[in-house]
Amino acid sequence: MKLKQTINQSIQAAFDKANIDETPMSVSEATKPEFGDYQFNGAMALSKKLEKNPREIAAQLIENIDLSGIISKAEIAGPGFINLWLNPLWIASQCETAVVDTRLNIGTREKPVKVVVDYSGPNMAKQMHVGHLRSTIIGDTLANLLEFLGDEVIRQNHIGDWGTQFGMLIAYLEEIGEDGSGSLKDLEQFYKDAKGHFDADASFADKAREYVVKIQSGDTHCLQLWQKFIDISLGHCEEVYDKLGVKLTREDVRAESFYNDELENVIKDLDKTGVLQESDGAQCVFLEGDEVPVIVQKGDGGYLYATTDLAALRYRAQVLGAKRISYVVDARQGGHFKQVFKVAKEAGFVPEDVKLEHIAFGTMMDKSGKPFKTRDGGTVKLIDLLDEAVLKAKDAIKDKEDYTEAEIHDLAKVIGIGAVKYADLAINRESNYIFNWDKMLSFDGNTSLYMQYAYARIQSIFRRFDGELKGNIIIGDALEHRLAIMLLRFEDILDRAATDASPNQITSYLYDLATLFMRFYEQNPILKEGVDEASKMSRLQLADLTAKTIKQGLAILGIQVVNKL
RNA sequence: GUUCCUAUCGCUUAACUGGAUAAAGCAGUGCCCUCCUAAGGCGUAGCUAGAGGUUCGAGUCCUCUUAGGAAUACCA
């Protein structure tokens, strides 16, 4: 239910009736319960334009607000605020509609947008490390979210599978002469071994360099080895995706190498549009206002990542037909994307009406605020981090209840992985993220565990109830009123989170919802003695809708729930 | 040097995009289990980096200052 839009329509109707020929600004949620449910602040904004004092305008509007439908009360306050109270009967009926609907009465886009979400993008020469975590988690959430809202989402995993280091790696793979699966278990080690060999043995180094040229010129044997290497490395990534519950598959992979054949054309076409300039032997595009050019071809004829990105942008806009292209990449590459986007538009690779956005996120830090590293300074492998999360989760729950081994095993996975994801998604994505095990696995505060607990607690109500849900939702007291409105806000929250690509708006909302429910539940007994049947049924339905909303919200974040915790 | 980003309570974050007395959690600190999961709830204390400006109204917009961070020509 698009709650805000619905209220806005009522305000617009009041404008029309009052013969004010303006488009009102949107209502917003009231800042305090005393100020009603929603407030309209537009009277003050119009004061100058209409040459009237704001309270006068507000009074005029209030006379024309329909109080028989969704709004039950409207009051002027302060300099010209209009406080609005929603009709409890209407709220109740909307909740009743939502609770029996599989989509919780959330609409799908009238005009679905074809959107490419580019995320994860691991380098095939190395094991996935913590640096890939944020992109993978945030990107997957964004894709889930847009998908749920009805957009046509195309996931793209722009893996790094090309470049000089691969010559060395496949030369080494051939040298040790295995099928690869053994030594490649630990890519990090394999890379180190290859590098050691490369540095120590001049003839091997020559061979490695030779292999680079060979792959690039399409030598079948070398390409086969390369393909094998990529397959195994990608397999490692898929193991991580699987553990994380991220939906990326092989079909989503459009590797760097995928664009190889296009790179030459990119340069040619840039030249045709006249933006290309030579500088110090390199082919560059100089953008207005930028000191440093975008280099698209090196002095030696080689291409750069800007070239690949341009090819990818063109492919996504023209072949895939995307209208929105979102790159979920570290904030430090902001400058690069700004430039590449500009070049792509200027050169006509991407039509003007296509929205290009860099979904930037901050760096992952350790507890002391330094970049996240292992004790000896190495990068933390993602797979190890996830395994540790599950172990820690196991530790956290093992004393709480009597669980069987199997139950602990399953619970720990859901809790541990959920904790890692939720903690990442719950903060403003643009700020640096301080990784803290104790915090993310805490039962208190805005954590996945609290959300999962809230959900499980509601499920436990239904285990005790064991009957048939019937009857109406009755908004009895202030907490029921607030809870019901909170539930109806879900779609507004999702819409905004989608526009801003900010998952933390979803986590904040879910947390507020869960907290509000706990308060409601504390004050309004459901299954206790003495609760009349009508209240019981009403409260059960609100509980049900709360649980369903939490479940759906977490599902978008890629986090599972459990029935019992 | 230049450009960009950030600055909200001891810590991590909100503030519906310019609206009323800035809101949560953690960490403090009280209180509530004969009571539907105390893995919960209720209290309590504490904040917009500084100076100007725009506006009826500024954490939010503009200018300067300060402090952090990042990017900065052939790596991705």
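Throughout, protein chains are lettered first and strands after them, A, B, ... in sequence-line order, and every chain is numbered starting at 1. Quick note: numbers below take in every heavy atom, side chains included, and nothing from hydrogens, waters or symmetry partners.
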Undergrad: Going by purine N1 to pyrimidine N3 plus the second Watson-Crick contact, or the G-U wobble pair, all under 3.5 Å, which nucleotide sits opposite B:rU60?
TA: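 In the structure as shown, B:rU60 has no Watson-Crick or wobble partner.
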Undergrad: Any idea how A:F40 and A:F15 line up, ring-wise: parallel (<30°), tilted (30 to 60°), or perpendicular (>60°)?
TA: perpendicular
Undergrad: With a non-hydrogen cut-off below 4.0 angstrom, is A:F166 in contact with a base, only sugar-phosphate, or nothing?
TA: nothing
Undergrad: Name the nucleic acid region contacted by A:A456, choosing base, sugar-phosphate or nothing; use a 4.0 angstrom heavy-atom cut-off, strictly under.
TA: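 If one applies the 4.0 Å heavy-atom cut-off, A:A456 turns out to touch a base.
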Undergrad: Checking contacts here: which listed nucleotide (B:rA14, B:rG40, B:rA76) is nearest the side-chain heavy atoms of A:E522?
TA: B:rG40
Undergrad: Parallel under 30°, tilted from 30 to 60°, perpendicular over 60°: which one fits the rings of A:F435 and A:Y433?
TA: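 Plane angle over 60°, so perpendicular.
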Undergrad: Taking atom CG of A:L487 and atom CG of A:L3, what is their separation to the nearest 0.5 Å?
TA: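 Nearest 0.5 Å value for the CG-CG distance: 11.0 Å.
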Undergrad: Report yes if a side-chain nitrogen or oxygen of A:N504 is closer than 4.0 Å to either non-bridging phosphate oxygen (OP1 or OP2) of B:rA14; otherwise report no.
TA: yes
Undergrad: Which is true for A:L304 with a 4.0 Å heavy-atom rule: it touches a base, it touches only sugar-phosphate, or it touches nothing?
TA: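 Contact class for A:L304: sugar-phosphate only.
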Undergrad: In the structure shown, which nucleotide is the Watson-Crick or G-U wobble counterpart of B:rA39, with both distances under 3.5 Å?
TA: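 The answer is none; no pair meets the criterion.
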Undergrad: Please classify the nucleic acid contact of A:M44 as base, sugar-phosphate, or nothing, using heavy-atom distances under 4.0 Å.
TA: base
Undergrad: Any idea which of B:rC36, B:rG40, B:rA76 is nearest the A:I526 side chain?
TA: B:rC36
Undergrad: Applying a 4.0 Å non-hydrogen cut-off, can you work out what A:N53 is touching in the nucleic acid: base, sugar-phosphate, or nothing?
TA: nothing
Undergrad: Pairing check on B:rG28: which nucleotide meets the Watson-Crick or G-U wobble criteria with it, both distances under 3.5 Å?
TA: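 Result: B:rU44.
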Undergrad: Could you let me know what B:rA20 is paired to, Watson-Crick or G-U wobble, both distances under 3.5 Å, or none if it's on its own?
TA: none
Undergrad: With a 4.0 Å cut-off on heavy atoms, is A:G299 in touch with a base, just the backbone sugar-phosphate, or nothing at all?
TA: base
Undergrad: Strictly under 3.5 Å: I want the nitrogen or oxygen pairs between protein and nucleotides 42-46 of chain B, one per line.
TA:
unit_1, atom_1, unit_2, atom_2, d
B:rC42, OP1, A:R519, NE, 2.7

Undergrad: Reckon A:S431 touches a base, only the sugar-phosphate, or nothing at all at heavy-atom distances under 4.0 Å?
TA: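 Answer is sugar-phosphate: A:S431 comes under 4.0 Å of backbone atoms only.
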Undergrad: Within the structure shown, what part of the strands sits under 4.0 Å from A:Y521 by heavy-atom distance: base, sugar-phosphate, or nothing?
TA: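 Answer is base: heavy atoms of A:Y521 come under 4.0 Å of a base.
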Undergrad: Look at the side-chain N and O atoms of A:R464 and state whether any lies under 4.0 Å from the OP1 or OP2 oxygen of B:rU37.
TA: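 For B:rU37, OP1/OP2 do have a side-chain N/O of A:R464 under 4.0 Å.
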Undergrad: Of all the nucleotides listed (B:rC16, B:rA71, B:rC56), which has the minimum atom distance to the side chain of A:E29?
TA: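 Output: B:rC16.
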Undergrad: Within the 4.0 Å heavy-atom criterion, would you say A:P525 contacts the bases, only the backbone, or no part of the nucleic acid?
TA: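 It contacts base atoms.
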Undergrad: Would you say A:R429 reaches B:rC5's phosphate, i.e. side-chain N/O to OP1/OP2 under 4.0 Å?
TA: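 No, no such contact exists.
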Undergrad: Just wondering, do A:F81 and B:rA20 stack (centres under 5.5 Å, planes under 30°)?
TA: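 Yes, A:F81 stacks on the base of B:rA20.
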Undergrad: Pick base, sugar-phosphate or nothing for A:F35, based on heavy-atom distances below 4.0 Å to the nucleic acid.
TA: base
Undergrad: Do the side-chain N or O atoms of A:K564 get closer than 4.0 angstrom to the phosphate oxygens (OP1, OP2) of B:rU37?
TA: no
Undergrad: Can you tell me if A:S47 touches the phosphate of B:rC56, counting only side-chain N or O atoms and a distance under 4.0 Å to OP1 or OP2?
TA: no
Undergrad: Give one of base, sugar-phosphate or nothing for A:K4, where a contact means two heavy atoms less than 4.0 Å apart.
TA: base
Undergrad: Check for me whether the distance between the ring centres of A:H336 and A:Y305 falls short of 6.0 Å.
TA: yes
Undergrad: Of the listed nucleotides (B:rC56, B:rU37, B:rA71), which one gets closest to any side-chain atom of A:R457?
TA: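 Of the candidates, B:rU37 comes closest.
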Undergrad: Just to confirm, is there a sub-4.0 Å distance from OP1 or OP2 of B:rU13 to any side-chain nitrogen or oxygen of A:N446?
TA: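 For A:N446, the contact criterion (side-chain N or O under 4.0 Å from OP1 or OP2 of B:rU13) is not met.
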Undergrad: Out of B:rU12, B:rG40, B:rA39, which nucleotide sits closest to the side chain of A:M518?
TA: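 Of the candidates, B:rG40 comes closest.
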Undergrad: When all nucleic acid strands are considered with a 4.0 Å heavy-atom cut-off, which category describes A:N432: base, sugar-phosphate, or nothing?
TA: sugar-phosphate
Undergrad: Tell me the partner of B:rU34, counting only Watson-Crick (N1-N3 plus N6-O4 or O6-N4) or G-U wobble (N1-O2 and O6-N3) with both under 3.5 Å; none if nothing fits.
TA: none
Undergrad: Once you apply a heavy-atom cut-off of 4.0 Å, does A:S460 come out as touching a base, just sugar-phosphate, or nothing?
TA: base
Undergrad: Please, which pairs that meet ring pair (Phe, Tyr, Trp, His ring centres under 6.0 Å) have at least one residue in residues 482-529 of chain A, sequence neighbours excluded?
TA: A:Y450-A:Y511, A:F490-A:Y509, A:F517-A:F520, A:F517-A:Y521
